[in-house]
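Every number for a ligand or one of its atoms is a count from 1 in the order of the listing.
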Amino acid sequence: MREILEAIQAGAGGDELAHLPIPPSYRAAFVRREDTDMFSGIASADKDPRKSLHVSDVPTPELAPDEVYLAVMASSINFNTVWTSIFEPLSTFAFLDRLGKESAWGKRHALDHHIVGSDASGVVLRVGSAVRNWKPGDRVTVHCNHLDDQDPSAHDDSMLATNQRIWGFESNFGGLADLAVVKANQLMPKPEHLTWEESAVNGLCASTSYRMLVGRHAAQMKQGDSVFVWGATGGIGAYGIQLVLNGGGTPVGVVSSPERVKLLEAMGCENVVDRAAEGYQFWSDENTQDEGEWRRLGKKVRGLIGEDPQIVFEHPGRSTFGASVFIAARGGTIVTCAATSGFMLEHDNRHLWMKLKRIVSSHFANYQEAWNMNRLIDQGRIQPVMSDSYDLVDVGEAARTVHRNEAEGKLAVRCLAPSEGLGVTDPEKRERIGEDKITLFQRHARGEL
Ligand SMILES: NC(=O)c1ccc[n+]([C@@H]2O[C@H](COP(=O)([O-])OP(=O)(O)OC[C@H]3O[C@@H](n4cnc5c(N)ncnc54)[C@H](OP(=O)(O)O)[C@@H]3O)[C@@H](O)[C@H]2O)c1
């Protein structure tokens with residue numbers, strides 16, 4: 001891979017890159033099937049991704065006709081990297097085995113190592129014989145919707161495809177590696193004003209938030225809507241806040257520390273709830289919720305914006321869902337894409353039906369939605385929320401930081417990129433959009449706000 005990196009850094013064209021040999025093995029971050037039970041009996045919070053994520057050489061898989069080999073310059077940690085590395089709620093080898101039974105090409109994925117990572121920025125090295133719109137040398141970012149587009153179920157909304165998967169989570173050969181195997185219909189142009197790491201953090205989280213709030217399949221936010229956002233400086237929440245502001249809405253952001261309050265205000269979100277300072281206890285014991293606490297939150301929100309929120313952006317799950325259903329406005333929407341604190345959710349249905357609210361599910365994004373979101377980032381209307389970047393060898397440490405809720409926004413991982421700050425090919429555009437805006441989360445992490 002060194003020869004490939006040197007060529008990329010020297011600005012080699014597509015023809016030159018296309019003639020460089022693809023190495024028979026490459027460096028990657030993966031979990032091992034034999035470790036599946038290594039955390040048995042340990043509490044979730046104590047399961048340590050540093051113990052399960054390995055970085056070493058793996059064999060290069062063959063390329064299918066609809067795929068490309070990508071030289072990965074940077075990738076990012078997503079919460080699904082945490083799930084895979086702690087083998088919760090199930091081992092992701094079950095996904096690989098299922099994919100292995102689907103087709104001859106799918107068989108490549110069912111291995112005893114799972115290369116993780118659902119984001120990437122990089123350079124196309126080779127394209128399969130069926131790839132039409134991309135060529136060696138293209139600088140790209142990757143979205144993680146992995147599907148078989150010869151299945152009719154993929155042709156209305158591709159998130160409804162029966163074999164829809166999240167690349168690098170439900171499939172192998174993901175982005176936390178020096179080389180990745182990516183379907184051509186996962187590629188999008190890299191915003192040229194961003195560094196490799198800044199452009200690697202957006203694909204999964206930003207597209208998810210776009211579908212939840214903006215796309216036609218979930219909450220469909222209108223100008224003027226007020227939107228209550230949990231985890232407002234986290235991966236999906238921080239893009240959610242920006243989309244609300246960019247779309248003419250009023251965000252109410254929830255965070256859990258004074259430092260996060262400061263960051264949220266610096267993003268332009270004026271209505272902030274510090275859930276730790278307010279000490280909300282929505283559950284009085286393991287089985288009983290406290291409606292008084294829902295009411296206290298509702299009152300707080302009304303005090304801030306003078307109304308109940310039309311949309312609640314929900315993902316913490318069991319700990320907050322009852323409150324989310326309660327505080328949504330009459331006729332409002334609770335849009336959910338996750339359940340970090342527990343999947344078995346509970347709400348008081350009287351508050352839902354009597355006030356004609358609706359709960360809408362959302363999951364990642366189809367190609368068009370991911371493309372639209374990438375375009376907003378390219379236009380400089382939405383900024384990457386990268387707070388820090390790690391070297392690939394420290395991927396376990398990075399995943400642990402996300403698992404412990406210790407980082408804001410997104411953590412990037414440098415794969416082939418030898419240092420931070422490389423990859424900007426349109427510095428004038430970067431200046432026009434504003435270095436300060438682009439690097440807000442990085443400056444906050446360095447204590448510079
Ligand atoms: N379905 C999809 O396509 C999709 C896509 C992306 C992510 N997800 C899922 O969405 C969830 C969030 O992902 P993320 O990348 O935003 O994670 P993240 O970067 O860790 O941010 C989540 C934030 O949620 C808040 N939070 C966590 N536990 C909470 C609790 N019990 N009560 C209230 N707030 C809580 C925390 O913020 P404060 O402590 O500051 O409040 C945390 O920073 C994960 O479960 C992830 O797997 C799903």
Give the atom numbers and elements of ligand 1 that come within less than 4.0 Å of a heavy atom of [X].
{"X": "Gly231", "answer": "23 (C), 24 (O), 25 (C), 37 (O)"}
{"X": "Thr320", "answer": "32 (N), 33 (C)"}
{"X": "Val255", "answer": "40 (O), 41 (O)"}
{"X": "Gly234", "answer": "16 (O), 19 (O), 21 (O)"}
{"X": "Arg260", "answer": "37 (O), 38 (P), 39 (O), 40 (O), 43 (O)"}

Does the ring center of Phe30 lie less than 6.0 Å from the ring center of His114?
no
Mind checking whether Phe95 and Phe169 have ring centres under 6.0 Å apart?
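Distance test on ring centres: under 6.0 Å, yes.
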For atom 19 (O) of ligand 1, which candidate among Cys205, Gly317, Gly237, Gly235 provides the closest heavy atom?
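Answer by nearest heavy atom: Gly235.
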Among Met159, Glu408, Arg275, whose heavy atom sits nearest atom 28 (N) of ligand 1?
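Closest candidate by heavy-atom distance is Arg275.
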What residue and atom, counting heavy atoms only, is the protein's closest point to [atom], and at what distance?
{"atom": "atom 6 (C) of ligand 1", "result": "Leu204 CD2, 3.3 Å"}
{"atom": "atom 10 (O) of ligand 1", "result": "Ala338 CB, 3.2 Å"}
{"atom": "atom 5 (C) of ligand 1", "result": "Thr208 OG1, 3.2 Å"}
{"atom": "atom 38 (P) of ligand 1", "result": "Ser256 OG, 3.3 Å"}
{"atom": "atom 22 (C) of ligand 1", "result": "His315 CE1, 4.0 Å"}
{"atom": "atom 17 (O) of ligand 1", "result": "Phe79 CD1, 3.7 Å"}
{"atom": "atom 44 (C) of ligand 1", "result": "Thr340 OG1, 3.4 Å"}
{"atom": "atom 36 (C) of ligand 1", "result": "Asn405 ND2, 3.6 Å"}

Based purely on interatomic distance, does Cys337 place a nitrogen or oxygen under 3.5 Å from a nitrogen or oxygen of ligand 1?
yes
Side chain to side chain contact (heavy atoms under 4.5 Å, CB included), paired with Glu67, selected from Val131, Val181, Asn185:
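By the side chain to side chain contact (heavy atoms under 4.5 Å, CB included) criterion, Glu67 pairs with just one of Val131, Val181, Asn185: Val181.
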With a 4.0 Å cut-off, would you call Asp112 and Arg32 a salt bridge?
no
Presence of salt bridge, Asp308 and Arg330, under 4.0 angstrom:
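Here Arg330 does not pair with Asp308 in a salt bridge, since their nearest N and O are not under 4.0 Å apart.
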Mind telling me whether Phe87 and Phe39 have parallel, tilted or perpendicular rings, with 30° and 60° as the class edges?
tilted
Which donor-acceptor pairs under 3.5 Å do side chains of residues 413-420 form with protein atoms, sequence neighbours excluded?
residue	atom	partner	partner atom	Å
Arg414	NE	Ser389	OG	3.0
Glu420	OE2	Ser389	OG	2.7

Under the 6.0 Å and 45° cation-pi test, does Lys190 pair with Trp196?
yes
